[in-house]
Amino acid sequence: DSGVTQTPKHLITATGQRVTLRCSPRSGDLSVYWYQQSLDQGLQFLIQYYNGEERAKGNILERFSAQQFPDLHSELNLSSLELGDSALYFCASRDGHRGYGYTFGSGTRLTVV
Amino acid sequence: AQSVTQPDIHITVSEGASLELRCNYSYGATPYLFWYVQSPGQGLQLLLKYFSGDTLVQGIKGFEAEFKRSQSSFNLRKPSVHWSDAAEYFCAVGLLSNDYKLSFGAGTTVTVRA
C-alpha cells in the first residue's frame, strides 16, 4: 500500500455520462497530481492541486475538472464521456519537503462503452 | 521541443541476462531524471532518481542508471534480470519551474523468458 488511495479501481460507463474519480493523498502530503495513461497518448499530466488551490494545468480537456477539498482529498470529474476517454487515471501526492518525492496510487481504470 | 524518448517499445530478455533500457531527453537545461516501474495492474513505483552529483545512480531491486550529459541520456541497467522484473518501465523528467510535474516517456515493456 503506497498510502495514496484511489477509488474506484474500475469503472465502466456509457458515452455521454459523467463520473467522479476520488483520490486520498498520503497523510501530510499537500500536493495532488492527476495523470492519464492511455494507449495512444501514454502518461500525461492533467492537473495539480496544492492545499486546495489549482497550481498547474496540463493537457486536461474542458470536459474534465478537478478539485481538492479541505481534508486534502481530490476528485477528478469527467463529463460527456467519449470512447477515447477510456484510460487509467493515476493520482499522485507529494510532500513539499521531499522535492520530487511522488507517491502514486494504483489508479482507476475507466472504460467508456 | 522538450521531450523524453524511450526508443525501445518492447524488449525480451532471458532470465539471468543483463538488461539495458534507453532514455533520451531534450530539454534546455539538465532536468531531474527518474525511472519508474509499473507492474500489471499496479501503480508506478520509483526505481531511482538523479538530481545532481555522481552520474551513476543506484536504485531499488538491483537497478542502476547512468546520466550522460553529452548524450542527453539516462539509461537504466540491471546486471541479471529475474522473472519478477517483467513490467513496463518509464523514464520521466521534471523541471523545478513546472511545480514538480513529470513528463514521461512512452514506456518500454520488458518480457523475461525462462
Side-chain angles (χ1 to χ4, degrees), chain A residues 1-7 9-10 21 23-26 29-51 53-60 66 68 87-109, chain B residues 1-10 21 23-25 27 29-53 57 59-61 65 67 74 87-109:
Chain A
D1 181 10
S2 69
V4 177
T5 304
Q6 289 189 248
T7 57
K9 292 194 182 305
H10 302 276
L21 312 183
C23 169
S24 294
R26 229 174 57 118
D29 287 357
L30 300 180
S31 283
V32 170
Y33 297 76
W34 286 97
Y35 286 83
Q36 178 195 57
Q37 185 179 28
S38 62
L39 286 176
D40 55 345
Q41 297 290 325
L43 260 165
Q44 288 205 316
F45 167 72
L46 293 179
I47 197 164
Q48 179 213 356
Y49 278 82
Y50 177 81
N51 203 20
E53 293 189 2
E54 181 185 305
R55 271 289 179 92
K57 242 178 183 177
N59 298 321
I60 187 166
Q68 187 179 25
L88 192 53
Y89 291 85
F90 284 110
C91 168
S93 71
R94 187 179 69 84
D95 172 4
H97 301 291
R98 291 188 292 127
Y100 268 105
Y102 272 55
T103 303
F104 279 88
S106 58
T108 293
R109 181 167 295 283
Chain B
Q2 299 177 336
S3 65
V4 185
T5 303
Q6 292 180 248
D8 305 305
I9 296 174
H10 191 190
L21 304 182
C23 173
N24 295 95
Y25 64 90
Y27 281 83
T30 299
Y32 295 83
L33 298 161
F34 308 82
W35 276 99
Y36 283 86
V37 61
Q38 183 181 24
S39 298
Q42 300 296 313
L44 294 160
Q45 182 181 22
L46 179 66
L47 288 175
L48 46 79
K49 59 190 175 189
Y50 174 77
F51 290 167
S52 64
V57 181
I60 63 171
K61 304 186 179 189
F67 169 64
F74 188 56
E88 190 161 16
Y89 293 79
F90 293 92
C91 179
V93 303
L95 297 173
L96 262 184
S97 62
N98 288 341
D99 287 310
Y100 298 96
K101 74 177 185 223
L102 295 174
S103 294
F104 287 87
T108 299
T109 300

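Convention: sequence-line order gives letters A, B, ...; per-chain numbering from 1. Note that these values count all heavy atoms, side chains included, but never hydrogens, waters or copies made by symmetry. Model, not experiment: these values are computed from the prediction.
For B:Q38, the part lying near chain A is the side chain, with the backbone staying farther off; criterion is any non-hydrogen pair under 4.5 Å. Looking at B:L44, both its backbone and its side chain come within 4.5 Å of chain A, counting heavy atoms on both sides. Neither the backbone nor the side chain of A:Q44 comes within less than 4.5 Å of any heavy atom in chain B.
A donor-acceptor contact shorter than 3.5 Å is absent between the side chain of B:Y100 and the backbone of A:R94.
Applying the 6.0 Å contact sphere to CG of A:L39 captures no more than 12 heavy atoms from other residues, nucleotides or ligands. Atom NE2 of B:H10 has more than 12 neighbouring heavy atoms from other residues, nucleotides or ligands inside a 6.0 Å radius.
Shortest non-hydrogen contact noted between A:Y35 and B:L102 is OH-N, 2.8 Å.
For the atom pair OH of A:Y102 and CZ of B:F34, the computed distance is 8.0 Å after rounding to the nearest 0.5 Å.
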